[in-house]
Amino acid sequence: MMIVVELAAARVVDANSIAASASSAQAFKTAALLKTLSVNALIRGDIGVGKRTLARYILPDAPLLDASNYDELLSALESVNEIVISNLENSPNINKILDIINRANIRVVATAKSSYYNEFAERLFSIKLDIPSLQERPEDVEHLVQKFSKEASLLFDSKEEFSLKKFKPDLSQNALSLRKQVMINYLVQNINENELMGIMQNYLVDKLGSNSDYKNFLHLYEIPIIKAGLQRFRSQLKLADKLGLNRNTLRKKIADNSRYL
């Protein structure tokens, strides 16, 4: 029997730590149930929603292979009775892989992008978990920000509390981009001038080489100052005064860098 389950699972960080929403808790309960059932499951969703981690939770002892590693996957299927396969959409011949799994009666939990469809997969996977993005689960975002903040404070040995004021979560890659954003925010809060200049130096060292590099990379200095100044002073007139610039000069710089502002 075909079962399609619409789940709002957040990125499962470990077996005992899931996000805050009721639907995420339900996702975890469903995954826990799947641990006890000998059925094949396909977990679909966008990058960063926790597909692979959820699959790993269901089959913790099974080998995990990316579908793009075709030869390695074929070899593994010769000696396993269960397996986790990530990114089914990347396989050069997924029909053959799934046929081997079906004939050898191998239990499989697989992941794929949200739009993935394969007729053979539709028959092989009796349970499908469709995991929505974090955009649809704002309560989970706040929970994950706090979790990643604790992780960042330990990493950077920081006692400063992370402020959610004016914080606009980057959910472009769900938990992946959100975690990166929180880490960068903690880094910025604790960085000194020498460390900041070192980061800029490392960024530029391999990019320099043309006859107009100074002009090409000047925006890396000007844009942060303009954006920070506008955020702080709320006025181009005040910012021009603080920077010691003519108003027209500042307006020209803003116009020249409009794509970044």
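Because the structure is predicted, anything quoted here is derived from the model rather than measured.
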Exercise. Going through the distances and angles, do Gln236 and Arg251 end up as a side-chain contact (heavy atoms from CB on, under 4.5 Å)?
Worked result: CA-CA 8 Å; Gln236 290 186 21; Arg251 286 172 180 167; 3.3 Å; yes
Problem set entry | Chi angles and distances behind the salt bridge (Lys or Arg N to Asp or Glu O under 4.0 Å) call for Lys253, Glu222 | CA-CA 8 Å; Lys253 288 182 179 294; Glu222 290 187 331; 2.5 Å; yes
Problem set entry | Test log, rule side-chain contact (heavy atoms from CB on, under 4.5 Å), inputs Asp241 and Phe233 | CA-CA 10 Å; Asp241 178 64; Phe233 302 116; over 6 Å; no
Problem set entry | Trace of the side-chain contact (heavy atoms from CB on, under 4.5 Å) decision for Leu171 with Ser133 | CA-CA 8 Å; Leu171 304 180; Ser133 70; over 6 Å; no
For this session: Take Asn102 and Asn40 through the side chain to side chain donor-acceptor pair (under 3.5 Å) test and state the conclusion after the steps.
Result: CA-CA 10 Å; Asn102 185 49; Asn40 298 324; over 6 Å; no
Problem set entry | Derivation and outcome, side chain to side chain donor-acceptor pair (under 3.5 Å), residues Asp46 and Ser114 | CA-CA 6 Å; Asp46 296 331; Ser114 56; 2.9 Å; yes
Problem set entry | Trace of the side-chain contact (heavy atoms from CB on, under 4.5 Å) decision for Phe167 with Gln181 | CA-CA 10 Å; Phe167 179 75; Gln181 182 187 24; 3.3 Å; yes
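In the hydrophobic clustering of ILVMFWY residues, with side-chain heavy atoms under 4.5 Å counting as a link, Ile43 and Leu33 come out together. A continuous path of Ile, Leu, Val, Met, Phe, Trp and Tyr side chains, each step under 4.5 Å between heavy atoms, connects Met183 with Leu196, placing both in one hydrophobic cluster. Under the 4.5 Å side-chain heavy-atom criterion for grouping Ile, Leu, Val, Met, Phe, Trp and Tyr, Leu37 is connected to Val109 within one hydrophobic cluster. The hydrophobic cluster containing Phe217 does not contain Ile223, counting ILVMFWY residues as joined when their side-chain heavy atoms lie under 4.5 angstrom apart, directly or transitively. Each of Val188 and Val182 belongs to its own hydrophobic cluster when Ile, Leu, Val, Met, Phe, Trp and Tyr are linked at side-chain heavy-atom distances under 4.5 angstrom.
Using a distance-only test at 3.5 Å, with no hydrogens or angles considered, a donor-acceptor pair links the side chain of Asp66 to the main chain of Ser68. In this structure, the side chain of Ser149 engages the main chain of Val145 through a donor-acceptor pair within 3.5 Å. Side chain of Asn93 to main chain of Lys96: a donor-acceptor pair is present (N/O by atom type, distance under 3.5 Å, no hydrogens or angles). Within the 3.5 Å criterion, the main-chain N or O of Lys238 finds a donor-acceptor partner in the side chain of Ser235. A donor-acceptor distance shorter than 3.5 angstrom exists from the side chain of Glu195 to the backbone of Asn192, with no hydrogens or angles considered.
When all heavy atoms of Ala55 and Val84 are compared, the closest pair comes out as CB-CG1, 3.8 Å. The two residues Ser177 and Ser172 make their nearest non-hydrogen contact at OG-N, 3.4 Å. The two residues Ile127 and Leu34 come nearest to each other via the heavy atoms CD1-CD2, 3.4 Å. Here the closest heavy-atom approach between residue Leu178 and residue Pro169 is recorded as CD1-CB, 3.9 Å. Between Tyr116 and Ile94, the closest heavy-atom pair is OH-CG2, 3.7 Å. The two residues Gly48 and Leu176 make their nearest non-hydrogen contact at CA-CG, 3.7 Å.
Contact check for Leu155 versus Tyr186: no side-chain heavy atoms found under the 4.5 Å cut-off. In this structure, Tyr70 and Leu65 have side chains that are not in contact, with every pair of non-hydrogen atoms separated by 4.5 Å or more. Inter-residue side-chain proximity for Pro63 and Val80 is flagged as met; some heavy-atom pair is nearer than 4.5 Å. Taking 4.5 Å as the limit, every side-chain heavy atom of Val49 sits out of range of all side-chain heavy atoms of Leu134. A heavy-atom distance below 4.5 Å is not found between the side chains of Lys51 and Lys113. Side-chain contact between Leu54 and Ile131 is present, with at least one heavy-atom pair separated by less than 4.5 Å. The shortest distance between side-chain heavy atoms of Ile85 and Thr111 does not fall below 4.5 Å. At a threshold of 4.5 Å between non-hydrogen side-chain atoms, the residues Leu64 and Ser86 count as touching.
For Glu82, the side-chain contact (heavy atoms from CB on, under 4.5 Å) partners are Leu59, Ala62, Arg107, not counting sequence neighbours.
With Phe148 as the aromatic partner, Lys150 does not meet the cation-pi criteria of under 6.0 angstrom to the ring centre and within 45 degrees of the ring axis. In this structure, Arg123 is not positioned above the aromatic face of Phe125 in the sense of NZ or CZ being under 6.0 Å from the six-membered ring centre and within 45° of the axis. Taking the ring axis of Tyr57 as reference, the NZ or CZ atom of Lys35 stays within 45° of it and closer than 6.0 Å to the ring centre.
Here the straight-line distance linking atom OH of Tyr260 with atom CD1 of Ile254 works out to 15.5 Å at 0.5 Å rounding.
A donor-acceptor contact under 3.5 angstrom links the side chains of Asn118 and Asn95, judged on distance only.
When each of Val108, Leu73, Ile83, Leu88 is paired with Ile97, the side chain to side chain contact (heavy atoms under 4.5 Å, CB included) condition holds for Leu73 and for no other.
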